[in-house]
**Q** 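Just passing along the structure, written as structure tokens.
Order of the sequence lines fixes the chain letters, A, B, ..., with proteins taken first and strands second; residue numbering starts at 1 for each chain.
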2 protein chains.
Amino acid sequence: MLRLSKKVDYAIILLSHLGEASGPISAQEVSSHYHLPQPMIANILKQLAASQLVESTRGVQGGYVLQRQANQISLAEIVRVIDGPFNFVECAHEPSECRVSATCPTQTPLQALHGRLYEFMESVTLENLIQNHELQPV
Amino acid sequence: MLRLSKKVDYAIILLSHLGEASGPISAQEVSSHYHLPQPMIANILKQLAASQLVESTRGVQGGYVLQRQANQISLAEIVRVIDGPFNFVECAHEPSECRVSATCPTQTPLQALHGRLYEFMESVTLENLIQNHELQPV
DNA sequence: GAAAAGCGTACCAAGCCAGTGCTATTTTAG
DNA sequence: CTAAAATAGCACTGGCTTGGTACGCTTTTC
């Protein structure tokens with residue numbers, strides 16, 4: 001139904017939390033703070049670390065910190081890192097896969113739509129999400 | 001991965017086609033024209049008819065026509081009719097269902113985001129999709 | 001050397017989605 | 001009046017995605 005996946009939801013919560021913290025935060029800390037399943041969010045933090053969004057420190061007192069400033073991380077990037085490439089319409093990236101590409105009347109407008117959504121999600125930064133800035137009306 | 005479902009994709013194609021036709025179009029016609037599975041698109045047309053987006057005529061020479069003008073049908077409505085209510089984030093409509101609502105740092109901004117996307121999809125009409133109007137940049 | 005933390009990878013169950021099938025009803029053509 | 005062309009209304013299914021779990025390993029501090 002066109003929604004963000006739970007993992008992305010969690011990732012946003014995690015990153016927001018890291019963005020507001022000063023030192024490294026462990027998976028354990030976050031999971032107990034928000035009452036979320038620990039293995040789940042540990043996995044997500046691993047993904048975020050593998051994707052260079054957060055830096056990890058091992059060992060006691062270790063944890064995660066943002067690798068970039070919150071205004072340098074876009075919503076689009078978070079979605080991409082967790083859920084894979086953002087394909088609003090199937091043919092957005094692989095026109096060859098479309099069975100009806102020759103006759104499909106909606107290709108161009110749907111791709112334009114895709115582009116707008118993408119730009120939109122690029123323009124929303126983690127900082128916006130944290131600070132709850134007023135978002136400009138569409 | 002945050003994409004329109006195939007059914008919505010098909011529905012847009014169908015509605016665009018109906019919007020450009022003059023008389024009633026049968027499921028058979030559309031499916032052979034776009035090489036799409038006939039039972040599938042028949043089902044979708046049934047849904048569209050049940051939701052008052054198209055009018056149906058039974059019998060030989062029957063088929064479907066738009067029930068409203070193309071500029072009176074929004075993308076949001078198409079999605080809603082086919083895929084159910086549009087929930088960009090889980091808590092958008094039912095805050096009570098959110099396990100972390102008390103502490104979740106992202107509620108307000110994500111709901112704002114939800115609102116913007118929704119307005120956006122409300123503002124795109126079938127006519128825009130058909131005529132491939134230049135969509136305003138976000 | 002024990003505990004706290006992250007790393008890597010594999011696995012599983014439930015739900016959703018795309019697609020199919022079947023039977024009944026309505027309408028027109030001949 | 002009957003056959004054919006259509007829609008109506010179901011119910012079903014197989015496979016993929018998603019949310020979540022498990023386990024063994026390495027690194028770091030005390």
Side-chain angles (χ1 to χ4, degrees), chain A residues 1-14 18 23-32 34-65 67 79 82-87 89-90 97-100, chain B residues 1-11 13-14 18 23-32 34-65 67 79 82-85 87 89-90 97-100:
Chain A
M1 307 187 185
L2 195 69
R3 62 163 54 173
L4 293 181
S5 72
K6 265 206 169 130
K7 287 190 180 179
V8 170
D9 247 20
Y10 291 160
I12 294 173
I13 295 177
L14 297 179
L18 295 187
I25 306 283
S26 73
Q28 180 53 49
E29 268 177 273
V30 190
S31 82
S32 64
Y34 295 108
H35 305 101
L36 296 175
Q38 199 271 345
M40 183 79 255
I41 69 118
N43 265 337
I44 294 174
L45 282 166
K46 286 178 216 169
Q47 273 187 265
L48 295 174
S51 313
Q52 319 284 319
L53 277 183
V54 301
E55 257 173 9
S56 63
T57 322
R58 287 185 167 195
V60 178
Q61 301 299 323
Y64 298 90
V65 290
Q67 192 160 12
V79 172
I82 300 294
D83 273 355
F86 163 63
N87 283 357
V89 283
E90 187 169 12
E97 298 218 343
C98 181
R99 307 163 62 172
V100 295
Chain B
M1 303 187 190
L2 194 68
R3 62 163 54 173
L4 293 181
S5 73
K6 267 205 167 128
K7 288 191 180 181
V8 170
D9 248 20
Y10 292 160
I13 295 177
L14 297 179
L18 295 187
I25 306 282
S26 71
Q28 181 53 49
E29 269 177 273
V30 190
S31 82
S32 64
Y34 295 109
H35 305 100
L36 296 175
Q38 199 271 344
M40 183 79 256
I41 70 121
N43 264 339
I44 295 173
L45 283 167
K46 286 178 216 169
Q47 273 188 266
L48 295 174
S51 314
Q52 319 284 319
L53 277 182
V54 302
E55 258 173 6
S56 64
T57 321
R58 287 185 167 195
V60 178
Q61 300 299 323
Y64 299 89
V65 290
Q67 193 159 14
V79 172
I82 299 295
D83 274 355
N87 283 357
V89 284
E90 188 169 12
E97 298 218 343
C98 182
R99 308 163 58 173
V100 295

**Q** Could you pick out which residue, B:Lys46 or B:Glu29, lies toward the 5' side of DNA chain D when each is mapped onto its nearest nucleotide?
**A**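 First, find each residue's nearest nucleotide; the 5'-ward one identifies B:Glu29.
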**Q** Which whole-number value in Å describes the distance from A:Ile41 CD1 to D:dT21 C1'?
**A**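 Rounded to whole Å, this separation is 14 Å.
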**Q** Could you check which residues of residues 48-64 of chain A get a heavy atom under 4.0 Å from DNA chain D? Sort them by number, please.
**A**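 DNA chain D contact set from residues 48-64 of chain A: A:Arg58, A:Gly59, A:Val60.
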**Q** According to a strict under-4.0 Å criterion, is A:Tyr10 in side-chain N/O contact with OP1 or OP2 of D:dG20?
**A**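 Yes, because at least one side-chain N or O of A:Tyr10 sits under 4.0 Å from OP1 or OP2 of D:dG20.
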**Q** Could you tell me how far apart A:Leu14 (CG) and C:dG6 (P) are, to the nearest whole angstrom?
**A**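 Computing the A:Leu14:CG to C:dG6:P distance gives 11 Å.
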**Q** Roughly how far apart are B:Lys7 NZ and B:Leu14 CG, rounded to 0.5 Å?
**A**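 One finds 12.5 Å between NZ of B:Lys7 and CG of B:Leu14.
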**Q** Looking at CZ of A:Arg3 and CG of B:Asp83, how far apart are the two atoms once the value is rounded to the nearest 0.5 Å?
**A**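 So the gap between those two atoms works out to 11.5 Å.
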**Q** Looking at every non-hydrogen atom in both residues, tell me the closest pair between B:Gln52 and B:Gln67 and how far apart they are.
**A**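 In terms of heavy atoms, the two residues are closest at O-OE1, 2.8 Å.
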**Q** Give one of base, sugar-phosphate or nothing for A:Ala27, where a contact means two heavy atoms less than 4.0 Å apart.
**A**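 The residue A:Ala27 makes sugar-phosphate contact but no base contact.
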**Q** With DNA chain D as reference, determine whether A:Gln38 or B:Gln38 sits nearer its 5' end, using the nearest nucleotide of each.
**A**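 Mapping each residue to its closest nucleotide by heavy atoms, the 5'-most match is B:Gln38.
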**Q** In whole angstrom, give the distance that lies between atom CD1 of B:Ile25 and atom C1' of D:dA5.
**A**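 About 15 Å, once rounded to whole Å.
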**Q** Does the side chain of B:Asn43 reach to within under 4.5 Å of the side chain of B:Gln47, using non-hydrogen atoms?
**A**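 Side chain of B:Asn43 against side chain of B:Gln47, heavy atoms only: no contact under 4.5 Å found.
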**Q** Any idea which heavy atoms bring B:Tyr64 and B:Lys46 closest together, and the distance?
**A**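 That would be OH-N, 4.2 Å.
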**Q** Going from CG on B:Leu4 to NZ on B:Lys6, what distance comes out if it is rounded to the nearest 0.5 angstrom?
**A**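 Rounded to the nearest 0.5 Å, the CG-NZ separation comes out at 12.5 Å.
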**Q** Whole Å only: how far is the CZ atom of B:Arg3 from the C1' atom of C:dA18?
**A**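 In whole Å, C:dA18 C1' and B:Arg3 CZ are 13 Å from each other.
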**Q** Heavy atoms only: give me the nearest B:Pro24-B:Gln61 pair and the separation to one decimal.
**A**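 Looks like CG-O, 4.2 Å.
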**Q** Which value, rounded to the nearest 0.5 Å, describes the distance between B:Ile41 atom CD1 and B:Gln28 atom CD?
**A**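 So the CD1 of B:Ile41 and the CD of B:Gln28 are separated by 8.0 Å.
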**Q** When the distance from CD1 of A:Ile44 to P of D:dG20 is rounded to whole Å, what number comes out?
**A**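 Rounded to the whole Å, the gap is 9 Å.
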**Q** Return the value, rounded to whole Å, for the distance between atom CG of A:Asp83 and atom C1' of D:dT18.
**A**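 My rounded result for the distance is 9 Å.
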**Q** Starting at CG of A:Leu45 and ending at P of C:dA5, how long is that distance when rounded to a whole Å?
**A**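 My rounded result for the distance is 13 Å.
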**Q** Generate the contact string for nucleotides 11-17 of chain D. Rules: B means base contact, S means sugar-phosphate contact only, - means no protein heavy atom under 4.0 Å.
**A** -------
**Q** Taking NE2 from B:His35 and C1' from C:dG19, how many angstroms apart are they, rounded to a whole number?
**A**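 After rounding, the reported distance stands at 19 Å.
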**Q** Just to verify, which of A:Ile82, A:Leu45, A:Leu48 counts as forming a side chain to side chain contact (heavy atoms under 4.5 Å, CB included) with A:Leu53?
**A**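 Result for side chain to side chain contact (heavy atoms under 4.5 Å, CB included) with A:Leu53: A:Leu48.
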